[in-house]
Structure formats: structure tokens, C-alpha cells
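To start, the structure under review is shown below, and the notes come after it.
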Amino acid sequence: MQLQLTELRIAGFGGQGVILSAIVLGKAASIYQGAYATMTQNFGPEARGGACSAQLLISGDPILYPYVTQPDIMVVMSQEAYTRFVPELKEGGILIVEQDLVRVTDLPRQTKVYSCPATRLAEELGKRMVLNSVMVGFFTAVTRLLEKEAVRKAVADSVPSSFCELNLKAFETGYEYGVQSLQESPHAQQFEHVSYAEE
Amino acid sequence: MKADPRGVLTGTHFLDGDHACCEGALAAGARFAAGYPITPSTEVVERFASRVPKVGGTFIQMEDELAASITLQGAVWGGAKAFTVTSGPGFSLMMEHIGYAAMTETPCVFVDVQRGGPSTGLPTLPAQADMMQARWGSHGDYEIIALCPNSPQECFDLTIQAFNFSEEFRVPVMFMMDEVVGHMTEKVIIPPADQIEVVPRRHTRKAVEDYLPYGTNGDGVPEMAHAGEGYKFHVTGLTHDEHGYPNMTPATQDKLVRRLQNKIHDAIDRITLLEEECFDSEDVVVVSYGITSRVAQRAIEMARERGLKVGKLRLITCWPFPEKRIRELAATTKAFVVPELNLGQMVREVERAANGKARTFAVPHAGGSVHRPEDILKVIVEASR
């Protein structure tokens with residue numbers, strides 16, 4: 001399947017694995033799926049807790065312009081990132097949020113929203129640090145942009161070997177959660193605290 | 001000769017340009033770097049510092065850029081392939097020693113990951129405003145070679161090329177990256193060592209008594225001997241004769257400085273690397289380099305969709321300036337459009353080489369981000385009229 005140029009932004013705070021998530025998805029596309037990917041990143045001077053975001057472009061053709069102009073898909077893992085970045089999401093775009101950390105408000109109705117309690121699921125697996133692998137799994141299931149096997153290989157290849165098994169488990173957990181979400185609501189997940197903007 | 005497999009991380013990687021540059025240096029055989037790390041170039045030496053001890057080399061973090069840029073030259077005269085890495089403010093401080101490398105014909109590579117300036121400027125944001133400084137930053141008449149990559153893959157490939165040129169011509173090579181290319185992550189393929197061509201040191205094969213440190217074999221490039229090998233060894237920034245000894249007469253000065261220029265001028269066709277997409281008699285040719293060449297490519301495609309006849313000339317070698325090709329194109333094209341992340345540097349060279357035969361349009365940008373393709377398109381449309 002030829003990949004169309006797809007613009008993604010992944011945003012949250014430092015320590016959540018925002019950049020690593022983008023690296024995993026970029027690797028999956030460019031190394032394991034034979035397409036092209038360009039990733040750039042923005043972060044503050046803090047090692048943890050500061051605003052952090054990654055831009056990722058994925059395409060079947062070589063990528064020229066290296067930045068996101070209007071993201072098709074956005075993964076948001078903090079309220080600050082939500083406020084800052086969601087207004088730039090493309091009309092009809094996909095928004096993926098960390099369910100317990102982001103309150104979704106004032107969205108255009110066309111936005112497809114999927115939410116995943118990635119941090120909680122990671123904690124249940126025994127290590128909060130793997131929340132990004134949960135999120136990557138969830139992303140893979142709900143967007144169906146990349147092949148599952150390609151992303152799984154990229155996860156295995158990007159994390160320290162001693163944590164490989166746990167990250168793959170986290171990936172599967174997120175993927176399963178995503179598959180279930182799609183079954184419950186195939187087009188967009190509806191959940192209580194979403195408030196759409198008045199049109 | 002082929003690359004030493006110990007330094008070659010063969011495989012398919014997802015790397016940023018800085019890391020790819022480091023891998024290129026290791027593949028090229030660099031076993032020494034001295035640096036005073038500075039954003040946005042830090043990742044190059046950060047990786048080198050962790051990688052190089054495993055392949056039998058050294059990284060030294062120096063007290064400043066002056067120290068870094070002269071220490072690496074000591075390493076070269078000791079037999080190593082060496083480089084340093086910096087950005088604008090550090091590049092300014094290295095100018096004295098770039099002149100020293102040119103004068104002493106020390107093969108080495110200076111990596112400049114360009115950020116917004118002047119002075120401290122924009123530490124984490126891009127520019128391409130050190131292009132004239134790369135050529136003219138040190139005093140006196142000399143030539144350097146400067147290469148401009150536009151992707152992490154090229155940060156790997158062209159770093160090897162930079163080392164190869166430096167060894168072949170015994171000249172400091174400026175590797176002119178920019179913050180976007182340095183920090184962008186893409187697929188980088190590192191081939192097996194036996195597919196990587198590296199140019200070895202021009203070490204003399206002459207007997208000790210026959211060796212002249214700055215004598216040439218007629219190609220303008222002297223052979224080297226390293227310190228401690230028993231050969232005559234005298235390295236000085238003073239005007240020197242073939243023995244390497246100071247000789248401050250106008251005749252020696254003339255002979256030396258002309259040779260330093262001519263060894264590059266005479267090989268310009270081989271040094272010039274271009275990426276060109278010019279069909280018959282284009283109305284406009286867009287001349288660009290580094291990250292801007294990718295943005296320009298999108299603008300060119302947008303212009304072609306509108307039916308405009310637009311060609312592309314991408315400078316991979318920026319110095320020596322490929323003026324011959326610009327002159328040829330000037331005869332068949334109406335105008336050049338030159339987008340760059342500065343307020344007008346390489347555009348002056350294009351205008352000079354075009355010499356009134358074709359008009360030249362700058363698309364200046366003060367840095368801090370890249371152009372919007374639409375801004376370049378607008379000038380292409382204007383130039384096509």
C-alpha cells in the first residue's frame with residue numbers, strides 16, 4: 001500500500017517518551033515498511049517536565065519540506081500540549097489523547113477523537129515509563145497508518161534490550177485497547193468529557 | 001583504499017544529521033576530535049566521544065574553540081585524521097586556525113552546524129549565514145573547500161567526502177550543515193566498509209634525505225611526513241619555502257600563496273559536486289544549497305504545476321564556487337532565483353558569475369526557520385516574467 005504524505009505531531013511533556021514515540025513510528029515507516037520518514041523535535045532546556053513535541057512526516061515518496069504544516073494526526077499527552085497544538089489540527093483530522101491527562105474541549109465536530117489511558121495501562125504493567133509504547137500500540141490500531149509488524153519491530157529495535165519484553169507487552173496492550181475502542185465505536189470514540197465547539 | 005571496518009556501523013539506521021555526520025567521520029577514518037561543544041552541533045561530538053574509544057581513538061573536550069581548532073591540527077601532524085565541530089560563535093573563534101591549516105596545508109575537517117547569528121543569535125534555530133565566513137573568515141589569500149549536505153544520509157556520505165577532499169588536497173574542508181539538517185532524523189544507510197572509499201594520507205615514500213616538506217610532485221600538493229618519523233619536520237604559519245623554513249621574501253610569498261590557490265582552482269571540476277535538473281532552456285533556474293534546497297524543490301514543483309519552465313541547480317560544493325556552470329546556464333536562462341537562510345550571501349556569487357547575462361533574484365530569509373515554499377514560488381513567478 002502506497003503511503004500518502006501524512007503529517008503527525010506528538011506532544012506532551014519531557015519524560016513521557018514523546019520523542020522516542022516519534023522515532024519508533026519513523027523507523028517503522030522508513031526502515032521496516034520501505035517508505036520515507038522525517039522527524040524533527042522541539043523541547044525546552046529541562047530534562048523532565050518541560051513542553052516537548054515531535055513532528056513526523058511519513059510518505060511513500062521522498063519528503064522535501066521537513067516540517068509539519070497542518071497535522072493530519074495528533075497525539076497529545078498533556079493539557080498544555082492540547083491547548084497549544086490542537087488548533088492546528090487539520091479539519092477532519094485524527095486526535096489521540098492520553099485519557100487521564102487531557103480534557104478535550106472546543107473541538108470541531110469533524111475531528112475523530114480516540115483516547116487511551118496509556119499511563120494507567122503502563123502502571124498496571126509495572127512501569128509507568130512504558131506509556132509511550134502503550135500509546136504507539138494504540139496509535140497503530142486506531143490509525144491503521146502503519147503495519148503492526150513494522151511498528152512492533154521498531155519498538156523492539158528502539159528500547160534498551162533489558163526492557164524490550166516489557167515494551168513489547170506495552171505495545172500489545174495499547175494495540176488491544178485500540179482494537180477494542182474501534183469495535184465499540186468504529187468511526188470515533190465518544191466519551192463523556194469531550195465537548196465539541198458550537199458550530 | 002577501503003574504510004577500516006572498525007569505524008563503520010554498517011546497517012540501516014534512523015539517525016539525525018549530527019549523529020550521521022559523526023558516523024561519516026568514523027567511517028572516513030577520523031580517530032581524533034577536539035571540541036568545545038555548542039548547540040546545535042553538540043550531538044556530533046557527544047556521539048563521537050562515546051564511539052571513538054571503542055575504535056582506538058580520542059576525543060578531547062578543550063577549554064575553548066581556539067584550543068580545539070589547533071589541537072586537532074597537532075593530531076593530524078601526529079598521524080591521525082581529525083576534525084572539530086562547532087556552530088557560529090565557535091566558528092568565529094576558529095578563524096585564525098583555519099588560516100593556519102590552509103597555510104600549513106593540514107588536512108582536516110571543520111564542521112559548522114549553522115544557527116542564527118550574529119553573535120549568540122539563535123542557538124537552537126537554523127540559518128545559512130556563515131557561508132561567506134567559511135570562505136573568507138581568515139585573513140590573507142587562501143582557498144578552502146566547503147560542502148553543504150541537505151539530509152542525514154548526506155551528512156554521512158559527504159562527511160566522508162569532506163575528509164577525502166581534505167586528504168587529497170591537503171586543505172581544511174568546511175562541512176556546512178545547518179540546524180535543521182543537523183537535528184532532523186531520517187533513514188541513513190551505512191554501507192559495508194569495503195564499499196566505502198577513503199583517501200589515505202599523502203604520506204611521502206621518499207627517503208629521509210630526499211624529502212622536502214613542502215616540495216611537490218608537480219600537482220601542487222606536497223607529501224606529508226609525521227612528527228617523530230625521522231623526516232625533517234618544520235610546520236609554521238610564517239611564509240615558508242619548500243623546506244618548511246620561514247622565508248619572507250616577495251618571491252617565496254608569491255610562489256606559496258599562488259600554489260595554495262591553484263591546487264584547488266586547477267581541480268575545480270573534480271571538486272564541484274552539483275545536483276542538477278535543467279532541461280532545455282529553462283526560463284528560471286533556482287540555485288540553492290543545504291536545507292533550503294529541499295524547500296526550493298517543493299517551490300519548483302509548484303511552479304512547474306503552473307506551467308512555468310523552472311530548473312534546479314543545487315550546490316553540494318559551495319566553495320570553490322562553481323562559477324563555470326552558472327556562466328553556462330546564464331547564456332540560456334532568463335533569471336536565477338537564489339533562496340538562502342541569510343540576507344544575501346551566495347546570491348552575490350551567482351550574480352557575479354552570471355555577469356549580466358541573466359538576472360539574479362535573491363530570496364533572503366534572516367533565519368530562525370526555513371522559507372515557506374510559497375515565498376520562493378512568488379519570486380520564481382516574478383523572475384519568469
Side-chain angles (χ1 to χ4, degrees), chain A residues 3 5 7-10 14 18-47 50-70 88 136 146 150-151 153-159, chain B residues 11-20 39-40 42-43 122-126 149-155 178-190 275 277 286 288 290-302 312 314 339 341 368-377:
Chain A
L3 277 166
L5 176 67
E7 300 190 352
L8 290 94
R9 185 186 283 281
I10 305 176
V18 167
I19 308 289
L20 187 59
S21 304
I23 288 176
V24 166
L25 296 174
K27 258 189 197 174
S30 67
I31 297 180
Y32 297 109
Q33 219 174 302
Y36 294 87
T38 299
M39 198 271 284
T40 56
Q41 49 192 290
N42 312 84
F43 44 81
E46 311 88 345
C52 175
S53 89
Q55 303 182 37
L56 179 66
L57 297 111
I58 290 174
S59 175
D61 297 314
I63 292 159
L64 300 171
Y65 191 79
Y67 292 121
V68 163
T69 49
Q70 209 182 16
E88 64 184 41
V136 163
L146 297 166
V151 184
K153 279 184 193 158
V155 169
D157 181 35
S158 306
V159 300
Chain B
T12 304
H13 308 270
F14 197 57
L15 292 180
D16 73 18
D18 280 357
H19 286 173
T39 305
T42 307
E43 292 88 338
L122 302 169
T124 62
L125 298 170
N150 79 355
S151 66
Q153 181 67 54
E154 282 196 353
C155 287
D178 55 69
E179 185 276 335
V180 184
V181 165
H183 281 163
M184 104 191 342
T185 304
E186 291 183 337
K187 178 164 68 179
V188 174
I189 297 172
I190 300 183
E275 195 177 281
E277 215 174 75
V286 179
S288 61
I291 187 60
T292 306
S293 64
R294 290 172 59 155
V295 184
Q297 182 76 35
R298 193 187 252 198
I300 290 166
E301 286 168 8
M302 288 158 80
K312 160 183 114 173
R314 181 186 153 220
L341 293 181
S369 70
V370 295
H371 292 80
R372 294 184 320 142
E374 295 78 12
D375 297 337
I376 301 172
L377 176 66

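First the proteins, then the strands, lettered A, B, ... as listed; each starts at 1. Predicted model, so just to flag it, every value in this text is computed and none were measured.
Ala22(A) and Phe14(B) get closest at one heavy-atom pair: O-CE2, 4.4 Å.
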Can His183(B) and Thr40(A) be said to form a side-chain contact (heavy atoms from CB on, under 4.5 Å), step by step?
-> CA-CA 7 Å; His183(B) 281 163; Thr40(A) 56; over 6 Å; no

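Counting heavy-atom pairs under 4.5 Å between each of Thr12(B), Asn150(B), Asp16(B) and chain A puts Thr12(B) at the top. With chain B as partner, the option from Leu64(A), Ile63(A), Leu56(A) having the largest number of non-hydrogen pairs under 4.5 angstrom is Leu64(A). Of the listed residues (Glu301(B), Arg372(B), Gln297(B)), the one with the most heavy-atom contacts under 4.5 Å to chain A is Gln297(B).
Contact of Ala35(A) with chain B is made through the backbone alone, with heavy-atom distances under 4.5 Å. Only the side chain of Ile291(B) has a heavy atom closer than 4.5 Å to any heavy atom of chain A. Neither the backbone nor the side chain of Tyr36(A) comes within less than 4.5 Å of any heavy atom in chain B.
In this structure, OG1 in Thr185(B) is found 10.5 Å from NZ in Lys27(A), a value given to the nearest 0.5 Å. Summarising the geometry, atom CZ belonging to Arg294(B) is positioned 5.0 Å from atom OG1 belonging to Thr38(A); distances are rounded to the nearest 0.5 Å. The OH atom of Tyr67(A) lies 7.0 Å from the CE atom of Met184(B); values are rounded to the nearest 0.5 Å.
Thr69(A) is linked by a side-chain hydrogen bond (donor to acceptor under 3.5 Å, both in side chains) to Glu7(A), counting only residues two or more places apart in sequence or in another chain. Contacts of His371(B) classified as ring-ring contact (aromatic ring centres under 6.0 Å, His included), with partners at least two apart in sequence or in another chain: His365(B).
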